[in-house]
Amino acid sequence: MTKKLILIDGNSIAYRAFFALPLLNNDKGVHTNAVYGFTTMLLKILEEEQPSHALVAFDAGKTTFRHKTYEEYKGGRQKTPPELSEQFPLVRELLDAFQISHYELDQYEADDIIGTLARRGEQDGFEVKVISGDRDLLQLVSDHVSVALTKKGITNVETYTPSFMKEKMEINPEQIIDLKALMGDSSDNIPGVPGVGEKTAVKLLHQFETLDQVFANVEEVSGKKLKEKLQNHKDDAFMSKELVTIDIQSPIAVKLDEIQYNGHDSTKVAHFFRDLGFHSLLGRINEDEEGAEEVQDALPSIDVTIVDSVDETILEDHSALVVEMLGENYHTSPVEGIGLVNDSGTYFIPTNVAMESELFKKWAQDKTKKKWVFDAKKTLVSLKRFDIDIEGIEFDLLIASYLINPSENHHDIPSISHRMDKKGIAYDEEVYGKGAKMKVPEQDSLADHVGRKTTMLYEMKDSVEERLRENSQWELYHELEMPLSLILGEMEHVGVAVDVEQLESMGKELQRRLSEIEEEVYKLAGETFNLNSPKQLGPILFEKLELPVIKKTKTGYSTSADILEQLEDKHEIIPKILLYRQLGKLQSTYIEGLLKVVDDQTHKIHTRFNQALTQTGRLSSTEPNLQNIPIRLEEGRKIRQAFIPSEEGWKIFSADYSQIELRVLAHIANDEKLIQAFNDNEDIHTKTAMDVFHVSKDEVTDQMRRQAKAVNFGIVYGISDYGLSQSLGITRKEAKKFIDRYLESYPGVKEYMDDVVQEAKQQGYVTTLMMRRRYLPDLTSRNFNRRSAAERTAMNTPIQGTAADIIKQAMIDLYHKLADERLEARILLQVHDELIIEAPEHELETLKELVTKVMEETFSLHVPLKVDHAYGDTWYDAK
DNA sequence: ACTCACACGC
DNA sequence: GACGTACGTGTGAGTA
């Protein structure tokens, strides 16, 4: 087997990672983006290269031997940001966990260490691979030394071999030094010859081979100016050469046989990953399929009693309760067992033992026995499957964690525990495996893991609640999200009835039309191909049919709808493709997709609302997503005909807020004109058009109203001038003008936008009216894009988030009102600004008034909230 | 098992 | 003036 040596330029990779990735930080405010990027790069290299030897080199200190030659070496360079410097010790820790040597040497740079070892390795018969982001290292390339440079991002590299270099750069590795000597390097403050850039330098080296030859034959250089510059800066060039030349004989102490790589210590690495919150990476380190037992053996042991029959002594008030399931879908996943922790101990109750126990059921349903859970909704729904209606849920760690920081991507017990510095717990993935390898471990392991999770839940309650109070979020948590959670759970459990035959017959008709269109497209294309593949479609349209290329994606031609629409009258194949796409979407996502998740016993669909996911406070919906059922195009809207009441003689009733976000904006910004418009019950888009274009009502054309509508849309969703230009098909400049004119027209809005960004910069986050919070670390980003995106988010989130708060409040109010009035009507779905209800026909008259009133009065703004309603035999008809 | 391009809603 | 530009979920293709 050949010996393979990997040499990594530690500083360079850390820098790259730092600037390539957003400034992630974990809960304790420690930045981890560079470490994270470094880790992904390292994992990839180790997987791909399987090195026998490895070393990471770092720059030692401020001064190097090069400074003796040239004092200003690396002068003028920006100071390393503290957010990065603080990560270097972590990178070293990481390497220790991976058991990879790292090395630095006073007065020398990482380059010199790498160069020296590369040459030594080469002589000893190694295949050497150098990883860096610094092109200077290309001078090391030889038959047995290749250099991988990071391209975009961090794991994306390009490997330079002598032949690749010749092809790509048209010069040899040996010429790299001379190239740099001529062109200099501003980032290292290397002068080179002024006025000579890469192009000229390459040209010179083509002609004269080496730097020495260039100057020996300087008379032959074409161009008077160039010749002069060379003659005047000969010394600079040779000094530059000295500076960029890597010292391949640096006095380093390490020997090659001391830097063998024998694989990492998975326990240490796992520990490190957990500490820093690198969950996604944990799955990539257990080469030899560590089972649940091994993972747990590494943790301090705990005492879990496996219960074989439930007795009263374990069912206390104030208990942490975990209903454990491996699958995501709690409507269908088997319950693997129950975790219970209270003052009397830590218990694991096997599913059948719990569910067959009358005592357990009675305890669960007793509202005076307070339960602390993780995910109240999931707990509620899964117990309902066993005919248990849980009561007395007093604490929900999932919701609390989400409210404290919604941008945290992992709101599971182990992740939250690690964020709060509680270590004795493994991630689900480590215990259960993931994907196809996921399996229920044997009972002892299961009980141990569930026991730990329940213990963590039990122990974290107080500090998490305290945090909510500190954030002034107690009311949001306790009066809004917690009650809502149970209502959502009930909605999910009730489900929505579906007319399966209707879906199936629509599917058949669609299939027929799809095949027909497909045939026609193939005929027009002159060949058959996979019409669902943009990769295959691109060449047909833009090469074979020679249609003009408007936009490319990184993998080929863009064939998205907005591009195809611009080509619509260029070729008759285009409208057919668009129709095929439209119908294909309906078929695969909505017909087939929905049929897949219909319960075949009850013909109902049970979505799951994710209450702890979006950054703004909105809900999301999965398996299936019932918040994106088509409505815009009639063809798709018909899908809604398949959503029907679950009982004979009932109707679907729908109520939606009219312009809730813009009303919220009027309120928050306290903009006189906007408030006036809503108080006068004006058509807001027409009003906006009047104000932006300075015209009277009857002068507003359709075109103007359409543009005003898009501007309003942009304000609500926080899109950029670019986004607005795209949606209106105008230039960015024009779009910006629209936005500016809008802000001139509504000075209150302008003031709000400025203030909210200002305030967010000061405190680091924005809030909604109900104190929902969103952190925006990118507000201080050095990257313009990031910063402006964060600024738009700062303006937009209070608007969208407050609207989300309001409809959530309305759901709670409505739920209670329906119960108080003894109505049978029940809420089925929420679609951001709309509630879908089913009700017996005789309740409709009552509902019209009651639902509207509750929704409009749920929250009092400086402008009225307006609710429209409709009903019919299907969701389609409730329009 | 993953990423990409695309498309649906608000 | 650059850069790549509301947020979600789900699908099929393509690659590893």
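Note that these values count all heavy atoms, side chains included, but never hydrogens, waters or copies made by symmetry.
- As judged by a 4.0 angstrom heavy-atom cut-off over every strand, Q615(A) is placed among residues touching the sugar-phosphate backbone only.
- Across all strands, S558(A) comes closer than 4.0 Å only to sugar-phosphate atoms, never to a base (heavy-atom distances).
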Atom pairs under 3.5 Å, N or O on each side, protein against nucleotides 10-12 of chain C: can you list them with distances?
from, atom 1, to, atom 2, distance (Å)
dG10(C), OP1, E623(A), N, 2.6

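- Residues Y876(A) and F643(A) keep their aromatic ring centres 6.0 Å or farther apart.
- As judged by a 4.0 angstrom heavy-atom cut-off over every strand, R608(A) is placed among residues making no nucleic acid contact.
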Please, what dot-bracket string fits DNA chain B when only Watson-Crick and G-U pairs with both distances under 3.5 Å count, crossing ones use [ ] and pairs to another strand use |? |||||||||.

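- When heavy atoms are screened at a 4.0 angstrom cut-off, T793(A) is found touching no nucleic acid atom at all.
- Between S720(A) and dA6(C) there is a side-chain polar atom (N or O) within less than 4.0 angstrom of OP1 or OP2.
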Could you go step by step and tell me if E565(A) and R581(A) meet the salt bridge (Lys or Arg N to Asp or Glu O under 4.0 Å) rule? CA-CA 12 Å; E565(A) 273 158 22; R581(A) 283 257 179 89; over 6 Å; no

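- Per the geometry, CZ belonging to R786(A) stands 15 Å off P belonging to dA6(C), to the nearest Å.
- E661(A) has a carboxylate O that lies under 4.0 Å from a charged side-chain N of R618(A), or vice versa, which qualifies the two as a salt bridge.
- Contacts of F784(A) classified as ring-ring contact (aromatic ring centres under 6.0 Å, His included), with partners at least two apart in sequence or in another chain: none.
- Atom P of nucleotide dA13(C) and atom CZ of R581(A) are separated by 12 Å, given to the nearest angstrom.
- Remark: P of dG4(C) and CG of D778(A) are 14 Å apart, rounded to the nearest angstrom.
- Residue I631(A) is classed as a sugar-phosphate contact, given heavy-atom separations below 4.0 Å to backbone atoms only.
- Using a 4.0 Å cut-off between a side-chain N of Lys or Arg and a carboxylate O of Asp or Glu, E635(A) and R513(A) qualify as a salt bridge.
- Tested against D683(A) for a salt bridge (Lys or Arg N to Asp or Glu O under 4.0 Å), the candidates K866(A), K709(A), R705(A) yield a single pass: R705(A).
- Here the range on DNA chain B touched by chain A, meaning any atom under 4.0 Å from one of its heavy atoms, is dA1(B) to dC10(B).
- Within the structure, side chain to side chain donor-acceptor pair (under 3.5 Å) contacts touching residues 584-599 of chain A (residues at least two apart or in different chains) are Q511(A)-Q587(A), Y590(A)-N628(A).
- One can place NZ of K551(A) at 11 Å from C1' of dG4(C), the figure rounded to the nearest angstrom.
- Annotation: dG4(C) and dA5(B) have their P atoms spaced 14 Å apart (nearest Å).
- Put simply, CG on D721(A) is 13 Å from C1' on dG1(C), counting in whole angstrom units.
- Partner assigned to dC3(C) is none, using Watson-Crick or G-U wobble distances below 3.5 angstrom.
- In this entry the distance linking CG of D562(A) with P of dT5(C) reads 13 Å, nearest Å.
- In this structure, I739(A) places its CD1 atom 16 Å from P of dT5(C), rounding to the nearest Å.
- If you take atom P in dT5(C) and the same atom in dC10(B), they sit 23 Å apart, rounded to whole Å.
- Checking the phosphate oxygens (OP1, OP2) of dC7(C), no side-chain nitrogen or oxygen of Q627(A) falls inside 4.0 Å.
- For the residue pair Y522(A) and L531(A), the shortest heavy atom distance occurs at OH-N, 3.9 Å.
- Nucleotide dT5(C) holds its C1' atom 11 Å from the CG atom of N783(A), rounded to whole Å.
- Counting any heavy atom pair closer than 4.0 Å across all strands shown, Q800(A) reaches no nucleic acid atom.
- Aromatic ring centres of Y742(A) and F738(A): separated by at least 6.0 Å.
- Look at K508(A) and E504(A) and you find no salt bridge, because none of the NZ, NE, NH1 or NH2 atoms lies under 4.0 Å from a carboxylate O.
- Qualifying side-chain hydrogen bond (donor to acceptor under 3.5 Å, both in side chains) partners for S407(A), counting only residues two or more places apart in sequence or in other chains: N405(A).
- Salt bridge annotation for K737(A)-E734(A): absent, with no cationic side-chain nitrogen under 4.0 angstrom from a carboxylate oxygen.
- Between Y402(A) and H411(A), the ring planes lie perpendicular to each other; the angle is over 60°, past the 30° to 60° tilted range.
- Here D833(A) lies in heavy-atom contact (under 4.0 Å) with sugar-phosphate atoms only.
- Nucleic acid contact for V716(A): none, since no nucleic acid atom lies under 4.0 Å from a heavy atom of the residue.
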